[in-house]
Amino acid sequence: MDTPTPAALHEAVLGWYDDHARELPWRGVQASPWSVMVSEFMLQQTPVARVLPVHEAWLDRWPTPADLAADTTGEAVRMWGRLGYPRRALRLHAAAVAIVERHDGAVPSSYDDLLALPGVGDYTAAAIASFAFGRRHVVLDTNVRRVLARAVSGVELPAPAVTRTERDVATSLLPDDDATAATWAVATMELGALVCTARQPDCGACPIARMCAWRAAGFPAYDGPPRRGQAWAGTDRQCRGRLMALAREHDIVTTAQAEAAWPEAGQRERCLAGLVDDGLLTQITPGRWALPG
DNA sequence: CAGTCGTGGAT
DNA sequence: TATCCAAGACT
């Protein structure tokens, strides 16, 4: 195995990205910071293919943060459609309101200002600062974590949560200048998304296969703590999902409709109350709910 | 820190 | 068919 020096990794990955980067609406010189920010919210735990049409419709309707901030949270939730995790729509709306109030309607460029916005955690703050403003930040998403786990640490998959060591490795590999660091961030993400995938990595197409510690070690299987699968059938998440689907389809959700969608009374009522508490629904009258106006 | 929070395509 | 997984954030 060749020595995986930072310079060698940079050259290989940046060269590969130059030839294989996807053309996405939120990339390129024409993409506004708002477009990047909307994409980052939508892409949290959601595949690119499903985000594309919603992102386009969203920016067509709300070209700026102020446009979204002036509309209702209910319309944001409706436009969110079936992307999943609809609280992200509420947080994006709240972030737009905060941008109008605190930043004169312009998406802030600093990591700290971004991190202070609703729905923006470490990853999203770093991603927006990097992709929209060309700042130098460690952008640690699931793709980058997997690429570094394999190429540098020699293991199949990263730990369930980001470790200190992991962040140190990523920091040590970050190029010195802002522009190269920003490209490195998006390039390593793209490599993880297209080549170094979770299920079936395409090592034959990988620009750093020569330098990959996992490959050199003979592809040892993951031996970390068991990764918890997400239960679904019969859970509150499934119940909430069905109730929200009803609310998107109808202006008013009645008790009869809710009962048909979820027969178990206790869980149904608990979930309705939870959705109201979250701000995803409002109770118009007893037995009638709707998206918040 | 571990649990919670949607959705649907791929294997 | 059941499981895994997809640019995480929040409590």
Side-chain angles (χ1 to χ4, degrees), chain A residues 17 21-22 24-27 31 35-55 77 80-92 94-95 114-132 137-148 156-164 170 182 185-194 196-201 222 225-248 261-262 267 270-271 274-275 277-281:
Chain A
Y17 183 72
R22 289 169 294 181
L24 299 171
W26 46 86
R27 286 183 185 164
S35 175
V36 173
M37 179 171 165
V38 170
S39 80
E40 289 306 334
F41 271 72
M42 292 182 174
L43 287 165
Q44 292 168 2
Q45 301 286 284
T46 306
V48 169
R50 202 175 310 161
V51 165
L52 284 169
V54 184
H55 179 270
V77 172
W80 196 258
R82 295 178 301 183
L83 284 182
Y85 293 143
R87 288 188 292 191
R88 290 182 294 167
L90 295 180
R91 291 170 184 155
L92 181 52
L114 288 162
L115 188 62
L117 297 173
V120 177
D122 168 71
Y123 161 75
T124 301
I128 296 173
S130 182
F131 304 155
H137 288 285
V138 170
V139 181
L140 262 189
D141 82 318
T142 186
N143 290 303
V144 175
R145 295 187 64 211
R146 186 172 56 249
V147 168
L148 297 185
E156 182 181 16
L157 297 169
V162 177
T163 64
R164 174 58 190 273
V186 71
T188 47
M189 283 179 63
E190 192 80 335
L191 185 61
L194 299 181
C196 193
T197 59
R199 294 282 189 90
Q200 288 189 326
Y222 176 75
R227 332 179 82 216
R228 65 182 191 282
Q230 296 180 340
W232 176 246
T235 62
D236 281 6
R237 301 170 73 190
Q238 184 184 32
C239 180
R240 287 166 58 104
R242 288 199 184 164
L243 294 169
M244 287 306 297
L246 277 182
R248 276 184 249 112
W262 200 268
Q267 187 174 28
R270 180 176 71 247
C271 287
L275 290 170
D277 191 57
D278 289 343
L280 285 166
L281 291 180

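The model shown is predicted, which means the values in this text are computed figures rather than measured ones. Chain naming here is simple, since letters A, B, ... match the order of the sequence lines and numbering starts at 1 in each.
- Using atom P as the reference point in both dA9(C) and dG8(B), the two lie 23 Å apart (nearest Å).
- At dC5(C), one or more side-chain N or O atoms of Arg227(A) fall inside 4.0 Å of OP1 or OP2 (strictly under the cut-off).
- Nucleotide dA2(C) holds its P atom 18 Å from the CD atom of Gln230(A), rounded to whole Å.
- In this structure, CD of Gln45(A) is placed 5 Å from C1' of dG8(C), rounded to the nearest angstrom.
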Please tabulate the protein-to-nucleotide N/O contacts below 3.5 Å involving nucleotides 8-11 of chain B, giving atom names and distances.
unit_1, atom_1, unit_2, atom_2, d
dG8(B), OP1, Arg82(A), NE, 3.2
dG8(B), OP1, Arg82(A), NH1, 3.2
dG8(B), O4', Arg50(A), NH2, 3.3
dT11(B), O4', Arg199(A), NH1, 3.3

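- Annotation for Arg82(A): atom CZ does not count as buried by contact number, only 12 or fewer foreign heavy atoms lying within 6.0 Å.
- Between the CG atom of Leu280(A) and the P atom of dT7(B) there is a distance of 10 Å, rounded to whole Å.
- Residues that satisfy the salt bridge (charged side-chain N to carboxylate O under 4.0 Å, His left out) test with Arg50(A), not counting sequence neighbours, are absent from this structure.
- Within 4.0 Å of Asp278(A), counting heavy atoms only, lies no atom of the nucleic acid at all.
- In this entry the distance linking CG of Leu43(A) with P of dT7(B) reads 17 Å, nearest Å.
- Taking Glu190(A) as the reference, Arg22(A), Arg27(A) meet the side chain to side chain donor-acceptor pair (under 3.5 Å) condition, with sequence neighbours excluded.
- Taking Ser35(A) as the reference, His55(A) meet the side chain to side chain donor-acceptor pair (under 3.5 Å) condition, with sequence neighbours excluded.
- The residue Leu24(A) sits close to a base: some heavy atom pair falls under 4.0 Å.
- A heavy atom closer than 4.0 Å to some atom of DNA chain C occurs in Gly119(A), Val120(A), Gly121(A), Asp122(A), Tyr123(A), Thr124(A), these being the qualifying members of residues 119-131 of chain A.
- For the C1' atoms, the distance from dA7(C) to dA2(B) is 23 Å, rounded to whole Å.
- With rounding to whole Å, Arg145(A) atom CZ is found 10 Å from dG8(C) atom P.
- In this view, Thr124(A) and Gln44(A) satisfy the side chain to side chain donor-acceptor pair (under 3.5 Å) rule, not counting sequence neighbours.
- Trp80(A) is listed as a side-chain neighbour of Met42(A), based on a closest heavy-atom distance under 4.5 Å.
- Heavy-atom nearest nucleotides on DNA chain C were determined for Val186(A) and for Leu115(A), and the one closer to the 5' end corresponds to Val186(A).
- As a whole-Å value, the separation of Asp141(A) CG from dC5(C) P is 15 Å.
- Candidate nucleotides dA6(C), dC5(B), dA7(C) were compared by shortest atom distance to the side chain of Tyr85(A), and dC5(B) ranks first.
- A donor N or O paired with an acceptor N or O is not found under 3.5 Å between the base of dG8(C) and the side-chain atoms of Thr142(A).
- dA6(C) atom C1' lies 14 Å from atom CD of Glu190(A), rounded to whole Å.
- To the nearest 0.5 Å, the span separating CG on Leu275(A) from CZ on Arg270(A) amounts to 11.5 Å.
- Without hydrogens or angle criteria, Glu40(A) side chain to Val120(A) main chain gives no donor-acceptor distance under 3.5 Å.
- Using a distance-only test at 3.5 Å, with no hydrogens or angles considered, no donor-acceptor pair links the side chain of Arg248(A) to the main chain of Val77(A).
- Within the nucleic acid shown, Pro160(A) has no heavy atom closer than 4.0 Å to any nucleic acid atom.
- Here Arg248(A) lies in heavy-atom contact (under 4.0 Å) with sugar-phosphate atoms only.
- Within the nucleic acid shown, Trp26(A) comes within 4.0 Å of at least one base atom, counting heavy atoms only.
- Closest to the side chain of Arg91(A), out of dA7(C), dA9(C), dG6(B), is dA9(C).
- Side-chain proximity of Arg146(A) to the nucleotides dG8(C), dC5(B), dA7(C) is greatest for dA7(C).
- As rounded to whole Å, 11 Å separates atom C1' of dC5(C) from atom CG of Asn143(A).
- Residue order along DNA chain C, read from the 5' end via each residue's closest nucleotide, puts Leu157(A) first among Leu157(A) and Leu117(A).
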